[in-house]
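Below is one structure, written out as structure tokens, with a few remarks after it.
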2 protein chains.
Amino acid sequence: MFSMLFMRSESDVTGRARIRNAALELFGAEGVNRVSVRAIAARAGVSAALVLHHFGSKEGLRKACDAYVVEQVRGGPEADLDDVSGLAAMLEAGSAVRLYLGRAFLDGTPEAAALFDDIVEATERWLEDGVRAGWVHPSDDPRARAAVYVTWLLAPLTFGEHLARVLPAGDLPETDRTLRSSRAGIEIFTRGLFADDRVLHAWDAVRKERGSR
Amino acid sequence: MFSMLFMRSESDVTGRARIRNAALELFGAEGVNRVSVRAIAARAGVSAALVLHHFGSKEGLRKACDAYVVEQVRGGPEADLDDVSGLAAMLEAGSAVRLYLGRAFLDGTPEAAALFDDIVEATERWLEDGVRAGWVHPSDDPRARAAVYVTWLLAPLTFGEHLARVLPAGDLPETDRTLRSSRAGIEIFTRGLFADDRVLHAWDAVRKERGSR
DNA sequence: CCGCATGCTGAACAGATGTTTAGCATGCTG
DNA sequence: CAGCATGCTAAACATCTGTTCAGCATGCGG
């Protein structure tokens, strides 16, 4: 009775959003199937039944998280397409959203798949513009390059745990850690990695051998 | 003595290994926690109890899979360090092993983490050699570059599902699909992506702004 | 032949999980 | 005030989970 009033006044957010945020954090950190409805409820400071009361089922909660995250990513500065727009917004989003998105791509939810496709599409156009404007090198396979590029932007997101371990940043905040690896990535994008065509030729040799048998 | 060894290897084909292979496929395809012991047993054509009889627990099974996969990846042509060695072996390994490895890196198992660290270490040395030999560009942050490079090699592995959807390969076998995206990656590594330093400078601007506040 | 290890099974168990149900308190509306 | 919707809960439920247990068949060594 009085405890209810107290809890309510303690939270300046509605119950629904509190639950969704708790789910977002836990899903992103642990993965959807490793998190129980009761754990989410406990983190949100409510009962497990209320979670289901609001979202119908755990699957409903997951879809709500998906929708929220996709909205966060898509709802960014849409006109700002001369930058990576969507992805940039994503990387600017909160850590919880970022982690959740990384998991979502791996869990293969339909919403995440659609988002991935859209990002690839936008990236391909963005790279095309760059090629026309002269600040992006042309490619032998623009579509594949765009797709690979997107997976590479996503990679530090899903392998963040390993990057953090391999690139100790002391007590620097997480953003600085991200900056270090992103800087290394941009360096590769700008200068290239291999100084000659040796590896490219080696690849062609493999392709030829495979094609012949 | 001999008979025991013989029988063991024979039973490896029939029993233990059949279970391990079934677990490997299911773990790789679905993720460890989404797969039940009973599902593994069903796929291997045995009872659930036998799975536990052989591996003690589900965790024991997972560790056996980890050990097997790590052995597969590490056991490649070790002397052949002038190539990407470990990673090359991994990419040559069977599809099930590859998928499992991708999951393992995400599930954060200690074995996978150690393997990741080793791969980064070997890659950094390999890139150093390349720089000395002149066929790799020097870097401002060799360690970060090696780490990012490894995550990029791993990315198509974990995002394979999305790549397949975005890069339809008709009825071509999976290896050809892999070849298409790897070719695009090597192209970036060889020619670079950005034709000028614009993005690199933009990054430095961001860093500066962040550092100032 | 006996004994016994080995590979294997069905049945059962304890715990966790998602979900449902019945109901309480509050606050708004007629 | 009565009535009703809302936000919320505890408890029970059914199912699924990993795991254990008692026992069956087979084959080998004594």
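Below, chains carry the letters A, B, ... as their sequence lines are ordered, and counting in each starts from 1.
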Sequence neighbours left out, cut at 3.5 Å: what donor-acceptor pairs do the side chains of residues 105-112 of chain A make with other protein atoms?
residue, atom, partner, partner atom, Å
A:T109, OG1, A:D66, OD2, 2.7
A:T109, OG1, A:A112, N, 3.1

When the side chains of residues 30-42 of chain A are checked against the rest of the protein, which donor-acceptor pairs come out under 3.5 Å, sequence neighbours left out?
residue, atom, partner, partner atom, Å
A:R34, NE, A:E30, O, 3.0
A:S36, OG, A:A39, N, 3.0

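For the salt bridge (Lys or Arg N to Asp or Glu O under 4.0 Å) condition, the pairs that include at least one residue of residues 39-60 of chain A, sequence neighbours left out, are A:E25-A:R43, A:E59-A:R62. For residues 155-166 of chain A, the set of pairs meeting the side chain to side chain donor-acceptor pair (under 3.5 Å) definition, not counting sequence neighbours, comprises A:H162-A:R165, A:R165-B:D117.
Checked against ring-ring contact (aromatic ring centres under 6.0 Å, His included), A:F189 has the following partners two or more places apart in sequence or in another chain: A:Y149, B:W152, B:F194. For A:A64, the side chain to side chain contact (heavy atoms under 4.5 Å, CB included) test picks out A:F55, with sequence neighbours left out. Residues forming a salt bridge (Lys or Arg N to Asp or Glu O under 4.0 Å) with A:R143 (at least two apart in sequence, or on another chain): A:E121, A:E124. Taking A:W203 as the reference, nothing meets the ring-ring contact (aromatic ring centres under 6.0 Å, His included) condition, with sequence neighbours excluded. Shown here are the salt bridge (Lys or Arg N to Asp or Glu O under 4.0 Å) partners of B:R183, two or more places apart in sequence or in another chain: A:D140, A:D204.
In this structure, A:R103 fails the cation-pi test against A:F27, since its NZ or CZ atom is not both closer than 6.0 Å to the six-membered ring centre and inside 45 degrees of the ring normal.
A heavy atom lying under 4.0 Å from DNA chain C marks the following residues of residues 51-63 of chain B, by number: B:H53, B:H54. The stretch residues 25-42 of chain B comes close to DNA chain C through B:R38, each having a heavy atom under 4.0 Å from the strand.
In this entry the distance linking CD1 of A:I19 with P of D:dT9 reads 8 Å, nearest Å. Look at CG on B:L50: it is 16 Å from P on D:dG18, rounded to the nearest Å.
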Per-nucleotide pairing state of DNA chain C [Watson-Crick or G-U, under 3.5 Å; [ ] pseudoknot-crossing; | other strand]: ||||||||||||||||||||||||||||||

